[in-house]
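Here's the structure we're looking at; comments come further down.
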Amino acid sequence: MNIAQLLESQAQKYQDRPALIFKNHPVSFSQLRDNSYKLTDSLIKLGVKKGDKIAIYLPNCPEYIYSYLAIWSIGATAVPLDFMLTEAELASCMSHSETKILITKSKPNLSLAELKKKCNSLKEIVLIREKKEEFLSFDDLLAGGSDKIQKNDILDKDLACIFYTSGTTGKPKGVLCNYRQIGAPDKAMAHAVGLNDRDIALCGALPFSHLGGLVFINCMVFLGSQVILMDRFIPLEFLKNLQDHKVTCFWLVPSMYYAILQLKEFETYDLSNLKWVVSFGAPSSPD
C-alpha cells in the first residue's frame with residue numbers, strides 16, 4: 001500500500017475541498033498532501049528510513065495526522081502512544097519499540113531531557129507549536145521540507161504501526177499492524193455502513209493512538225470522507241458540531257453517548273443530517 005500515491009490521487013481528485021476541519025480551520029486535501037510530503041522529506045533528511053520506529057505522543061490535532069501520513073509515506077513504523085501515559089510508561093513503550101524519533105508537545109510532569117536519557121534508541125525529539133533550543137521544531141520541519149515525494153517500495157507485509165495495549169493485567173504489549181492491515185478498517189466501514197466521500201464524520205476526541213480514532217484518518221485518506229476534529233470530548237460542543245457541520249456519521253464508546261443523551265439541550269439540536277452512528281468498545285445498556 002503506497003500512502004504517498006494515495007495522498008496525491010486524493011489531492012488531485014478533491015483539491016481545495018476540506019479534508020479536515022479543526023477548531024473551524026479547514027485543511028484541504030491539497031494542503032494535507034503538501035504538509036505530509038514536507039514532513040516526509042524532512043524526516044528523510046534526518047536519516048529516517050524504511051522500518052524505523054517513530055513515536056507520536058500528542059492529543060488529537062492536525063500535526064498528529066501529518067505525522068502518521070509522513071511516517072507511512074517513508075515506509076517507517078508509527079508508534080502512537082496515549083497522551084495520558086506517564087513519563088515512566090512512555091519511556092517503557094519507547095524503549096521496547098526502539099523508537100528513533102519522538103513527535104510530541106511539552107506537558108507538565110514530563111521531562112523530555114530525562115526521557116531522552118532513559119531511551120537509548122531515541123535520537124531526536126520534535127516539538128509541535130513551540131521552539132526549544134535542545135529539540136527540533138515541527139514547524140521548522142514543515143517549512144524546510146520539499147513537497148515533492150520520493151519513491152519508496154513499501155510492501156503490504158511491512159510494519160506500519162505498533163499499538164500498545166492498556167496494560168491492565170501487566171506491562172503494555174505492542175500489537176503489530178502491517179501496511180495491508182491499516183487499509184482494512186475503511187473497507188469494512190464502506191461495506192458495513194456505506195461510508196463514502198460524501199460523508200462528514202465527527203471525531204469527538206477518540207484518540208488517534210487507538211484504532212477507533214485512527215479509522216477517522218483512514219476514511220479521510222482512503223475514502224475521501226471529511227473529518228471534523230475535536231481535541232477533547234465536550235458533550236455540548238459535540239452536539240453543536242453535529243448541527244453546524246451537518247455531520248452524517250460518527251462512532252463513540254457508550255459512556256460518551258450517555259453523556260450526550262443526558263444533556264437537557266439534546267432535543268433542541270438539529271441532527272437530521274445523521275445517517276448512522278456506531279457504538280463500540282464496551283457493552284451498551286438496552287436503553
Side-chain angles (χ1 to χ4, degrees), residues 20 22 52-72 76-112 114-116 118-119 121-122 124-130 135 138 159-177 181-182 185 202-220 227 229-235 238 250-257 259 278-282:
L20 168 73
F22 179 66
D52 283 342
K53 315 300 191 303
I54 302 179
I56 313 172
Y57 182 66
L58 292 170
N60 285 4
C61 57
E63 291 90 343
Y64 210 137
I65 298 173
Y66 304 150
S67 297
Y68 258 128
L69 299 177
I71 292 166
W72 289 343
T77 304
V79 184
L81 297 167
D82 193 317
F83 200 59
M84 298 303 291
L85 291 179
T86 64
E87 183 177 315
E89 292 169 330
L90 185 60
S92 175
C93 291
M94 289 172 55
S95 295
H96 180 260
S97 62
E98 300 180 337
T99 288
K100 184 174 182 178
I101 292 178
L102 170 65
I103 300 173
T104 187
K105 64 177 291 186
S106 293
K107 183 181 177 183
N109 303 319
L110 173 64
S111 171
L112 294 174
E114 286 300 313
L115 188 63
K116 197 169 183 180
K118 293 176 183 177
C119 302
S121 62
L122 186 60
E124 298 286 357
I125 294 177
V126 180
L127 288 179
I128 73 165
R129 303 179 192 176
E130 65 175 308
F135 305 121
F138 192 96
L159 185 59
C161 286
I162 302 176
F163 291 101
Y164 276 89
T165 61
S166 61
T168 306
T169 59
K171 281 189 175 183
K173 299 170 181 62
V175 180
L176 308 182
C177 180
Q181 290 168 319
I182 62 169
L202 176 57
C203 181
L206 284 174
F208 289 150
S209 57
H210 186 282
L211 185 59
L214 179 59
V215 173
F216 283 97
I217 301 176
N218 284 3
C219 292
M220 175 177 59
V227 172
L229 179 63
M230 297 172 62
D231 57 350
R232 58 197 181 104
F233 179 70
I234 302 174
F238 189 91
F250 62 84
W251 43 101
L252 294 177
V253 296
S255 60
M256 291 176 167
Y257 283 106
V278 172
S279 178
F280 77 101

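Inter-residue side-chain proximity for Val79 and Ile54 is flagged as unmet; no heavy-atom pair is nearer than 4.5 Å. Side-chain atoms of Pro59 and Lys105, non-hydrogen and from C-beta on, do get closer than 4.5 Å to each other. By the 4.5 Å heavy-atom criterion applied to side chains, Phe238 and Met256 are not counted as neighbours. A 4.5 Å side-chain heavy-atom check between Thr104 and Leu127 finds at least one atom pair inside the cut-off. With contacts defined as side-chain heavy-atom distances shorter than 4.5 Å, the pair Pro80/Phe163 qualifies.
In this structure, CG in Leu159 is found 11.5 Å from CG in Asp52, a value given to the nearest 0.5 Å. A distance of 10.0 Å separates CG in Leu214 from CD1 in Ile65, rounded to the nearest 0.5 Å. In this structure, Thr99 OG1 and Leu115 CG are separated by 9.5 Å, a value rounded to the nearest 0.5 Å. In this structure, CG on Leu90 lies 6.5 Å from CG on Leu85, to the nearest 0.5 angstrom. One distance of note links CG of Leu69 with CD1 of Ile217; it measures 6.5 Å at 0.5 Å rounding. Note that CE of Met94 is 13.0 Å distant from NZ of Lys53, once rounded to the nearest 0.5 Å.
With sequence neighbours left out, Glu98 forms a salt bridge (Lys or Arg N to Asp or Glu O under 4.0 Å) with no residue at all.
With respect to Arg129 and Glu63, a salt bridge is recorded, a charged nitrogen being found less than 4.0 Å from a carboxylate O.
The nearest pair of heavy atoms linking Ala259 to Phe233 is CB-CE2, 4.1 Å. Shown here for Ile71 and Ala78, the closest heavy-atom pair between the two residues is CG2-N, 3.5 Å. Scanning both residues, Phe208 and Asn60, for their nearest heavy atoms gives N-OD1, 3.0 Å. In this structure, Cys61 and Ile128 approach most closely via the heavy-atom pair SG-CD1, 4.1 Å. Nearest heavy atom pair, residue Leu112 against residue Phe135, reads CB-CZ, 3.6 Å. Scanning both residues, Leu58 and Ile103, for their nearest heavy atoms gives CG-O, 3.9 Å.
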For this session: Kindly indicate, with the supporting measurements, whether the criterion side-chain contact (heavy atoms from CB on, under 4.5 Å) is fulfilled by Val126 and Leu102.
Result: CA-CA 6 Å; Val126 180; Leu102 170 65; over 6 Å; no
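A donor-acceptor pair under 3.5 Å is formed between the side chain of Trp251 and the backbone N or O of Gly212. Counting only distance, with no hydrogens or angles, the side chain of Asp82 and the backbone of Ser209 share no donor-acceptor pair below 3.5 Å.
Each of Lys118, Lys116, Glu87 was scored for a side-chain contact (heavy atoms from CB on, under 4.5 Å) with Ser111, with one residue passing: Glu87.
For Lys173, the NZ atom counts as densely surrounded, since its 6.0 Å shell holds more than 12 non-hydrogen atoms of other residues, nucleotides or ligands.
The aromatic rings of Tyr64 and Tyr68 lie parallel to each other, with less than 30° between the two planes, well short of the 60° mark. Note: Tyr57 and Phe83 have tilted aromatic rings, judged against thresholds of 30 and 60 degrees for the angle between ring planes.
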